[in-house]
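For reference, the structure discussed in these notes is given below.
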2 protein chains.
Amino acid sequence: MNTVRGARERARIEVTAAIKDEARRMLAAEGAAKLSLRAVARELGMVSSALYRYFPSRDDLLTALIIDAYDSVGAAAEEADAHARAAGASPRARWTAVCEAVRAWALEHPHEYALIYGSPVPGYIAPIDTVGPASRVGNAFIGILRAAYEGPGLALPPLPPALRAEADRMTADFAEGLPPAVTAALVAAWAQLVGLVSAELFGQFNRVVEDRAAFFAHAADQLAHGVGLPAV
Amino acid sequence: MNTVRGARERARIEVTAAIKDEARRMLAAEGAAKLSLRAVARELGMVSSALYRYFPSRDDLLTALIIDAYDSVGAAAEEADAHARAAGASPRARWTAVCEAVRAWALEHPHEYALIYGSPVPGYIAPIDTVGPASRVGNAFIGILRAAYEGPGLALPPLPPALRAEADRMTADFAEGLPPAVTAALVAAWAQLVGLVSAELFGQFNRVVEDRAAFFAHAADQLAHGVGLPAV
DNA sequence: GCCAAAGCAAGAGCACTGCTCTCGAAACAG
DNA sequence: CTGTTTCGAGAGCAGTGCTCTTGCTTTGGC
């Protein structure tokens with residue numbers, strides 16, 4: 001299936017990539033709101049209407065960038081975990097390593113982070129294509145917890161009755177094998193991690209937190225505790 | 001200072017309010033990105049250029065709405081706390097009541113929530129005028145914790161050395177009287193609360209969490225534990 | 001190898017945006 | 001009453017997303 005199908009197809013792939021690259025550059029420089037199809041086309045030496053052959057609308061271009069961004073954080077998280085794992089780190093150390101990786105990625109790519117974890121562009125509905133890449137970071141955490149709960153895990157307090165069925169369902173859906181209380185705690189921890197990073201990135205910590213790195217390290221460690229990863 | 005200064009001044013106040021009201025309506029209906037000065041002017045029966053006599057730019061209009069939004073959540077949080085307090089609730093119950101109030105406000109005013117806690121409009125710098133209203137919710141939490149730590153508080157694990165000075169500074173800056181470990185935990189908990197609400201509102205929980213109310217209640221309770229509020 | 005079909009770039013154009021400037025009318029202060 | 005300030009209206013500029021038409025080039029079936 002990797003046959004060269006001809007100059008036209010090849011060109012299409014290249015132009016599509018060039019558009020995405022230029023769009024990503026502008027996104028990084030100015031943010032999603034100022035990403036304009038016309039500016040991208042201008043920079044590429046084509047006329048704006050030609051661009052619609054490759055992306056049927058601005059939203060579709062944004063969606064492509066969103067998928068790439070999800071893949072980018074996901075890869076960063078997976079890589080950080082692989083490194084920690086190779087170094088023989090404990091599950092808790094792997095957890096914090098992934099948290100730090102997510103934060104570092106966000107600080108390096110603030111606009112792409114805002115694109116995926118900030119307020120969605122109004123009226124924008126995430127297409128199905130995004131859910132795979134979107135879950136890579138979550139899956140990294142699940143992998144860590146799975147490894148931890150084969151070995152010595154921390155006992156989590158029992159779930160309130162109102163949450164038992166929900167936790168069972170979540171476990172069956174995407175975290176098979178984990179104790180349901182851990183699954184629930186993980187989802188909450190993930191949302192909280194995003195909250196911490198967003199607060200730092202979106203200016204909520206201005207005039208409040210100075211030493212953000214130390215603060216985040218401590219918070220990430222506390223999150224690890226919250227999902228039942230024992231210290232040391 | 002409440003003297004009626006004349007028809008002109010009175011009219012200016014009324015028109016300014018009308019603009020803000022109409023803008024808020026459009027914000028609630030369509031989101032910040034689709035809020036257009038021209039549409040507001042059109043709806044008010046004036047020409048777009050006239051609107052610039054009242055708000056020098058679109059950003060200034062947004063800033064006014066942001067301040068109102070901060071005041072609106074702040075008031076909701078304070079009211080929830082006052083109710084819980086009047087009913088003789090424990091600090092922990094007051095905590096969760098405020099958390100629930102923030103979530104409820106966010107669900108009722110999603111676009112306004114996105115405006116203040118979502119990704120900031122690119123290039124937008126929050127003016128000083130916003131910091132007062134912005135801290136009302138935080139202050140509600142501080143009040144609860146202060147009351148709790150006059151009575152029986154929960155012992156929080158000691159802070160890592162790297163965070164001691166930072167926690168001391170934060171305490172002195174805006175949470176005088178609280179144990180520094182509690183101040184640090186509070187700031188983290190606040191960011192995490194925003195993370196939980198944002199995740200629900202911005203679609204991160206789609207296909208993941210079904211019973212959001214139960215899930216949030218549990219998470220808010222865990223946050224209370226994290227800031228040292230004892231159960232029961 | 002030829003020729004219709006499909007893919008493509010370009011240009012003009014529509015409806016919209018934020019914002020600026022000018023001009024005449026109204027309200028104000030002295 | 002007079003001069004100044006404030007205001008609304010209109011025209012206009014530069015930019016946006018998106019559509020449609022017009023030709024050119026590549027492609028694939030015959």
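Chain naming here is simple, since letters A, B, ... match the order of the sequence lines and numbering starts at 1 in each. Nothing here was measured: the structure is a model prediction, and the numbers come from that model.
Between A/Tyr117 and A/Trp190, a ring centre-to-centre spacing shorter than 6.0 Å is recorded.
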**OP:** For DNA chain D, just give me the dot-bracket, please: Watson-Crick or G-U, both distances below 3.5 Å, ( ) intra-strand, [ ] crossing earlier pairs, | paired with another strand, . unpaired.
**Re:** ||||||||||||||||||||||||||||||

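In this structure, the OH atom of B/Tyr52 is 15 Å from the C1' atom of D/dA11, given to the nearest Å. When rounded to the nearest whole Å, the span between CG of B/Leu61 and P of C/dG18 equals 10 Å. The CZ atom of B/Arg58 sits 18 Å away from the P atom of D/dG15 (whole-angstrom rounding). Atom P of nucleotide D/dC18 and atom CG of A/Leu62 are separated by 10 Å, given to the nearest angstrom.
Annotation: ring-ring contact (aromatic ring centres under 6.0 Å, His included) contacts of B/His109 (sequence neighbours excluded): B/Trp105. With sequence neighbours left out, A/Arg103 forms a side-chain hydrogen bond (donor to acceptor under 3.5 Å, both in side chains) with A/Glu200. Listed by chain and number, the residues in a ring-ring contact (aromatic ring centres under 6.0 Å, His included) with B/Phe216 amount to none (sequence neighbours excluded).
Defined by atom type and a distance below 3.5 Å, a donor-acceptor pair is missing between the side-chain atoms of B/Thr171 and B/Asp168.
Closest to the B/Leu37 side chain, of the nucleotides D/dT16, C/dG18, D/dT19, is C/dG18.
The stretch residues 17-28 of chain A has no heavy atom under 4.0 angstrom from DNA chain C at all.
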**OP:** Between protein and nucleotides 4-13 of chain C, map the contacts as a letter string: B base, S sugar-phosphate only, - none, heavy atoms under 4.0 Å, written 5' to 3'.
**Re:** ---BBBBB-B

